[in-house]
Engineer: 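Questions regarding the structure given below will be posed in turn.
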Amino acid sequence: MSPSLQEIGLAVKRLQWRHHREANRRLSVHGGLSLVQWDVLRHLHDRPDATLHTLAVLIFQTDQSLGTLVKRMIDRGLLKRADSPGRATRHELTDEGKRAYEAGSQIVEAVLADSVCTLTDAERVILHKLLIKAAQTGDLP
């Protein structure tokens, strides 16, 4: 018998919650970061021209909450304001932010390896394709 849509949704949520909780714990203990802070660093690393609004969408935050978080990250020396044309506010990683991103990436990889690496390479390819396909019906970037 096929699982119900609710069972599938719950399985996705359980895996995401497991990753979130464990990554947050390990990042805090070993990197001095929260998962949300590392996510900001990751997205700025991957999209250095991203505006605050774009970052907020990417990390599932409001513009206001991200603004508060970015200010704290600037105060910690992880980010700095970048010169940008127009009114859009942009930021960039400092050297300390780059180090924190790289260290945090190793931590997050280890968390994901604990669960996702229980799958074969072929299963991971299929899972990735299916998740991308299912997510394309939304409005996320």
Side-chain angles (χ1 to χ4, degrees), residues 2-141:
S2 296
S4 72
L5 295 177
Q6 290 182 20
E7 289 170 322
I8 293 168
L10 185 57
V12 169
K13 182 65 177 173
R14 281 186 177 141
L15 181 60
Q16 185 273 335
W17 181 244
R18 177 181 170 189
H19 290 160
H20 183 95
R21 188 178 61 240
E22 186 60 17
N24 212 36
R25 185 188 71 74
R26 290 187 199 179
L27 283 165
S28 176
V29 170
H30 301 290
L33 295 171
S34 70
L35 181 57
V36 175
Q37 289 171 326
W38 175 80
D39 209 20
V40 168
L41 297 174
R42 173 175 65 118
H43 284 295
L44 274 176
H45 177 269
D46 294 344
R47 297 181 181 201
D49 61 337
T51 65
L52 274 181
H53 176 72
T54 300
L55 285 174
V57 171
L58 290 169
I59 67 166
F60 309 102
Q61 299 286 317
T62 64
D63 291 0
Q64 183 178 358
S65 64
L66 179 62
T68 301
L69 177 63
V70 165
K71 182 181 179 332
R72 289 195 312 262
M73 293 176 76
I74 289 170
D75 292 345
R76 261 188 78 182
L78 298 170
L79 300 176
K80 62 182 176 183
R81 284 187 81 123
D83 292 330
S84 60
R87 296 179 51 185
T89 303
R90 289 182 169 79
H91 295 81
E92 57 189 36
L93 302 179
T94 62
D95 289 342
E96 180 61 28
K98 290 174 188 172
R99 283 190 291 275
Y101 161 71
E102 290 166 6
S105 293
Q106 293 177 6
I107 292 167
V108 171
E109 284 285 321
V111 169
L112 296 172
D114 289 347
S115 59
V116 179
C117 284
T118 63
L119 304 174
T120 66
D121 286 344
E123 288 171 330
R124 287 196 302 268
V125 168
I126 292 168
L127 176 62
H128 183 252
K129 286 180 181 177
L130 293 173
L131 290 171
I132 295 298
K133 182 178 179 179
Q136 286 178 343
T137 60
D139 60 351
L140 295 175

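In this text, all values refer to a predicted model and were calculated from it rather than measured experimentally. Along the sequence shown, residues carry numbers from 1.
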Engineer: For the residue pair Ala23 and Val108, what are the closest heavy atoms and their distance?
Structural biologist: CB-CG2, 4.5 Å
Engineer: Drop me the distance from Leu33's CG to Arg76's CZ, to the nearest 0.5 angstrom.
Structural biologist: 5.0 Å
Engineer: Going by the salt bridge (charged side-chain N to carboxylate O under 4.0 Å, His left out) test, name the single residue among Arg18, Arg21, Arg26 that passes it with Asp114.
Structural biologist: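 In the set Arg18, Arg21, Arg26, the residue that makes a salt bridge (charged side-chain N to carboxylate O under 4.0 Å, His left out) with Asp114 is Arg26.
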Engineer: Whether Asp121 and Arg124 form a salt bridge (side-chain N of Lys/Arg under 4.0 Å from carboxylate O of Asp/Glu) is what I want to check.
Structural biologist: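 Salt bridge: yes.
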Engineer: So, for His19 and Val111, which heavy atoms are closest and what is the spacing to 0.1 Å?
Structural biologist: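 Smallest heavy-atom distance, with atoms named: O-CG1, 3.8 Å.
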Engineer: Taking only residues two or more places apart in sequence or in another chain, which ones pass ring pair (Phe, Tyr, Trp, His ring centres under 6.0 Å) with His53?
Structural biologist: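 Testing His53 for ring pair (Phe, Tyr, Trp, His ring centres under 6.0 Å), a comparison that skips the adjacent residues, returns none.
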Engineer: Would Leu79 and Leu93 satisfy side chain to side chain contact (heavy atoms under 4.5 Å, CB included), going step by step from the backbone distance to the final call?
Structural biologist: CA-CA 5 Å; Leu79 300 176; Leu93 302 179; 3.6 Å; yes
Engineer: Please examine the side chains of Arg47 and Leu58, heavy atoms only from C-beta on, and report whether any two atoms are closer than 4.5 Å.
Structural biologist: yes
Engineer: Is a donor on one side and an acceptor on the other found under 3.5 Å between the side chain of Thr51 and the backbone of Arg90?
Structural biologist: no
Engineer: Distance check, rounded to the nearest 0.5 Å: Gln6 atom CD versus Lys13 atom NZ?
Structural biologist: 15.0 Å
Engineer: How far apart are the closest heavy atoms of Asp63 and Ala56, and which atoms are they?
Structural biologist: OD1-CB, 3.4 Å
Engineer: Quick check: closest heavy atoms across Thr118 and Ser115, and the distance to 0.1 Å?
Structural biologist: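 Smallest interatomic distance, heavy atoms only, reads OG1-O, 2.6 Å.
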Engineer: Show your working on side chain to side chain contact (heavy atoms under 4.5 Å, CB included) between Gln61 and Val40 and close with a plain yes or no.
Structural biologist: CA-CA 10 Å; Gln61 299 286 317; Val40 168; over 6 Å; no
Engineer: Look up atom NE2 in His43 and atom CG in Leu55, then write down how far apart they are to the nearest 0.5 Å.
Structural biologist: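 Taking NE2 in His43 and CG in Leu55, the distance rounds to 8.0 Å.
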Engineer: Look up atom CG in Leu66 and atom CD1 in Ile59, then write down how far apart they are to the nearest 0.5 Å.
Structural biologist: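 So the gap between those two atoms works out to 4.5 Å.
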Engineer: Please say whether more than 12 non-hydrogen atoms of neighbouring residues, nucleotides or ligands are located less than 6.0 Å from CD in Gln16.
Structural biologist: yes
Engineer: Is the shortest heavy-atom distance from the side chain of Thr68 to the side chain of Lys71 under 4.5 Å?
Structural biologist: no
Engineer: Can you spot which of Lys80, Lys98, Arg81 makes a salt bridge (charged side-chain N to carboxylate O under 4.0 Å, His left out) with Glu92?
Structural biologist: Lys80
Engineer: Is it the case that atom CD in Glu123 sees more than 12 heavy atoms from other parts of the structure closer than 6.0 Å?
Structural biologist: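 Enclosed.
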Engineer: May I ask you to say whether Asp95 pairs ionically with Arg99, meaning some side-chain N is under 4.0 Å from a carboxylate O?
Structural biologist: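 Salt bridge between Asp95 and Arg99, a charged N being under 4.0 Å from a carboxylate O: no.
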Engineer: Indicate yes or no: does Glu22 engage Arg25 in a salt bridge with an N to O separation below 4.0 Å.
Structural biologist: yes
Engineer: Rounded to the nearest 0.5 Å, how far apart are CG of Leu131 and CG of Leu15?
Structural biologist: 8.5 Å
Engineer: Please name the pair of heavy atoms, one in Ala50 and one in Leu44, separated by the smallest distance, quoted to 0.1 Å.
Structural biologist: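 Where Ala50 meets Leu44 most closely, the heavy atoms are O-CD2, 4.5 Å.
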Engineer: Mind checking ring pair (Phe, Tyr, Trp, His ring centres under 6.0 Å) for His20 and listing every partner two or more places apart, or none if nothing turns up?
Structural biologist: Trp17
Engineer: Would you give the length of the straight line joining atom CD of Gln37 to atom CZ of Arg72, rounded to the nearest 0.5 angstrom?
Structural biologist: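 Those atoms lie 6.5 Å apart.
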Engineer: Looking at every heavy atom in both Leu35 and Asn24, which two are closest together, and how far apart are they?
Structural biologist: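 Minimum heavy-atom contact is N-OD1, 2.6 Å.
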